[in-house]
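Scope of the values below: all heavy atoms of this structure, side chains included, with no hydrogens, waters or symmetry mates. Labels below follow one simple rule: chain letters A, B, ... track the order of the sequence lines, proteins then strands, and each chain is numbered from 1.
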Number of protein chains: 2
Amino acid sequence: MSIKHAVLGLLSWQPLSGYDLKKRISSSTAFYWSGNNNQIYKTLIQLQEEGLVTFEEHFQEKGPAKKVYSVTPQGQEELRKWALSTPQVPEVRNTFLIQLAWANELSGEELNSLIDQYDEEVSMHLLMHEEQTRRGSDAPHRTAREAYMWQMISENTTTFLKNELNWARKLRHELKDRPELNSGE
Amino acid sequence: MSIKHAVLGLLSWQPLSGYDLKKRISSSTAFYWSGNNNQIYKTLIQLQEEGLVTFEEHFQEKGPAKKVYSVTPQGQEELRKWALSTPQVPEVRNTFLIQLAWANELSGEELNSLIDQYDEEVSMHLLMHEEQTRRGSDAPHRTAREAYMWQMISENTTTFLKNELNWARKLRHELKDRPELNSGE
DNA sequence: GTAGTCATGTAAGACGTTACATGATTCT
DNA sequence: AGAATCATGTAACGTCTTACATGACTAC
């Protein structure tokens with residue numbers, strides 16, 4: 001499971017409450033995951049039971065008490081161990097490809113419009129990601145290496161999205177230039 | 001949900017049994033999904049209840065009877081409707097990025113080895129995908145356009161994997177060339 | 001006779017999402 | 001007065017995976 005380690009990692013950077021974790025996770029475009037309450041609070045309780053995190057209750061003048069979680073030495077060890085495990089090939093869930101696969105019944109215009117819509121969606125996403133990267137609010141930089149890593153992590157998403165755009169534009173142009181591809185008949 | 005439509009699409013190409021669907025789905029590197037029994041058989045029953053597919057029982061001399069499913073006109077209509085719905089940005093679940101994010105505790109050598117392992121995994125995956133594409137066993141080509149589409153769908157996965165490799169190699173080389181990034185201390 | 005493939009399905013559980021519940025405080 | 005934010009959590013449901021169950025036939 002990687003939610004556990006994502007949470008552990010965030011806490012290893014700085015102690016946070018469940019509420020703050022949620023905000024960080026759901027606002028990040030790089031690792032995108034809804035960051036819903038259910039999983040966050042459950043994961044925190046689980047991590048605590050395993051002795052990988054502890055919490056301190058912070059009472060505030062205004063508002064309810066916070067449970068601020070931080071990583072224990074065992075948690076650090078677990079994080080290090082996990083970081084050394086053999087990496088997996090990323091999973092891509094691209095429903096648009098499935099859509100295209102069965103788009104045989106569509107007219108040439110419908111298909112073009114579909115591709116344009118995809119282009120727009122991806123472009124929008126790219127803009128949002130670049131905007132967020134520029135602000136750089138959620139990246140730790142305890143060391144030069146860590147700062148560089150976070151830059152490269154962000155770049156991974158950027159190049160991924162640009163690759164999608166290139167691909168979609170090639171598709172678009174070839175459909176235009178090759179009239180024999182214009183119909184599904 | 002897109003499993004429903006993936007199944008519907010496969011059946012619109014040619015009638016298949018649950019067992020054959022499973023084989024096709026799980027062997028495909030482009031839309032990768034385990035294609036487990038539970039979901040396939042459930043989806044087929046559900047599609048049938050919705051009137052989007054029908055089945056014929058094929059008795060064979062050898063082995064058990066097959067339920068061969070095919071798409072109804074309503075199913076075709078549903079598929080067309082879905083194919084026109086606005087496309088979504090693909091979801092990428094890249095655990096390696098999370099691993100890197102919290103790799104601050106790792107030594108330079110450990111980090112390099114991690115990146116090399118990632119390179120290897122992705123390269124292997126790319127080879128498998130190219131091999132499968134070359135065989136081209138699972139692509140329909142009822143029209144020139146459909147054949148071209150399937151080629152581009154496969155290319156999407158290829159360029160994605162190549163993008164990952166480029167990114168990993170850049171990371172690898174910059175870590176090598178910039179000694180200030182060598183440690184997490 | 002043991003393992004593998006063909007073919008159908010079920011059970012159990014992990015993983016994920018949306019929405020609701022509660023209660024205080026702050027902003028308009 | 002109504003909405004938004006802070007902060008914790010629960011409920012209900014949907015998705016997805018692993019593993020098991022059954023039974024026949026096939027290959028070594």
Would you list the protein and nucleotides 4-6 of chain D atom pairs, both N or O, that sit under 3.5 Å from each other?
| from | atom 1 | to | atom 2 | distance (Å) |
| --- | --- | --- | --- | --- |
| D/dC6 | OP2 | A/Y19 | OH | 2.7 |

Legend entry - Candidate pair B/R80 and B/E78, rule salt bridge (Lys or Arg N to Asp or Glu O under 4.0 Å), full reasoning: CA-CA 5 Å; B/R80 188 187 136 78; B/E78 170 60 27; over 6 Å; no
Please state how far atom [atom1] in [X] lies from atom [atom2] in [N], giving the value in whole angstrom units.
{"X": "A/Y69", "N": "D/dT8", "atom1": "OH", "atom2": "C1'", "value": "9 Å"}
{"X": "A/K42", "N": "D/dA12", "atom1": "NZ", "atom2": "P", "value": "12 Å"}
{"X": "A/Y41", "N": "D/dA11", "atom1": "OH", "atom2": "C1'", "value": "16 Å"}
{"X": "A/K22", "N": "C/dG16", "atom1": "NZ", "atom2": "P", "value": "15 Å"}
{"X": "A/I3", "N": "D/dC16", "atom1": "CD1", "atom2": "P", "value": "14 Å"}
{"X": "B/F59", "N": "D/dC25", "atom1": "CZ", "atom2": "P", "value": "15 Å"}
{"X": "B/E57", "N": "C/dA7", "atom1": "CD", "atom2": "C1'", "value": "11 Å"}
{"X": "B/I45", "N": "C/dG9", "atom1": "CD1", "atom2": "C1'", "value": "8 Å"}

Legend entry - Contact under 4.0 Å: A/S17 side-chain N or O vs D/dT8 OP1/OP2: yes
Inset, instruction - Could you identify which residues cluster with A/Y41, counting Ile, Leu, Val, Met, Phe, Trp and Tyr as linked when any side-chain heavy atoms lie under 4.5 Å apart, either directly or through a chain of such contacts? - result: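 Members other than A/Y41 - counting any ILVMFWY side chain reachable under 4.5 Å - are A/Y19.
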Inset, instruction - With sequence neighbours excluded, tell me which residues meet salt bridge (charged side-chain N to carboxylate O under 4.0 Å, His left out) with B/E109. - result: none
Inset, instruction - Could I get the full list of side-chain hydrogen bond (donor to acceptor under 3.5 Å, both in side chains) partners for A/Q76, not counting sequence neighbours? - result: none
Legend entry - Set of residues satisfying ring pair (Phe, Tyr, Trp, His ring centres under 6.0 Å) with respect to A/Y148, sequence neighbours excluded: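 Per chain and number, A/Y148 pairs via ring pair (Phe, Tyr, Trp, His ring centres under 6.0 Å) with no residue.
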Legend entry - salt bridge (charged side-chain N to carboxylate O under 4.0 Å, His left out) contacts touching residues 151-164 of chain B (sequence neighbours left out): A/K170-B/E155
Inset, instruction - Scan for salt bridge (charged side-chain N to carboxylate O under 4.0 Å, His left out) pairs involving residues 113-125 of chain B, sequence neighbours excluded, and state none if there are none. - result: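 Matches after skipping sequence neighbours: B/D116-B/R172, B/D119-B/R169.
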Legend entry - Residue pairs involving residues 102-122 of chain A (criterion ring pair (Phe, Tyr, Trp, His ring centres under 6.0 Å); sequence neighbours excluded):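 Residue pairs passing ring pair (Phe, Tyr, Trp, His ring centres under 6.0 Å), neighbours aside: A/F96-A/Y118, A/W102-B/W150.
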Legend entry - Pair A/R135 + A/E131: basic N to acidic O under 4.0 Å: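 Here A/R135 pairs with A/E131 in a salt bridge, since their nearest N and O are under 4.0 Å apart.
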Between protein and nucleotides 17-20 of chain C, what N or O pairs are separated by less than 3.5 Å?
| from | atom 1 | to | atom 2 | distance (Å) |
| --- | --- | --- | --- | --- |
| C/dT17 | OP2 | A/W33 | NE1 | 2.7 |
| C/dT17 | OP2 | A/S34 | OG | 2.9 |
| C/dT17 | OP2 | A/N36 | ND2 | 3.4 |
| C/dT17 | O4 | A/N38 | ND2 | 3.1 |

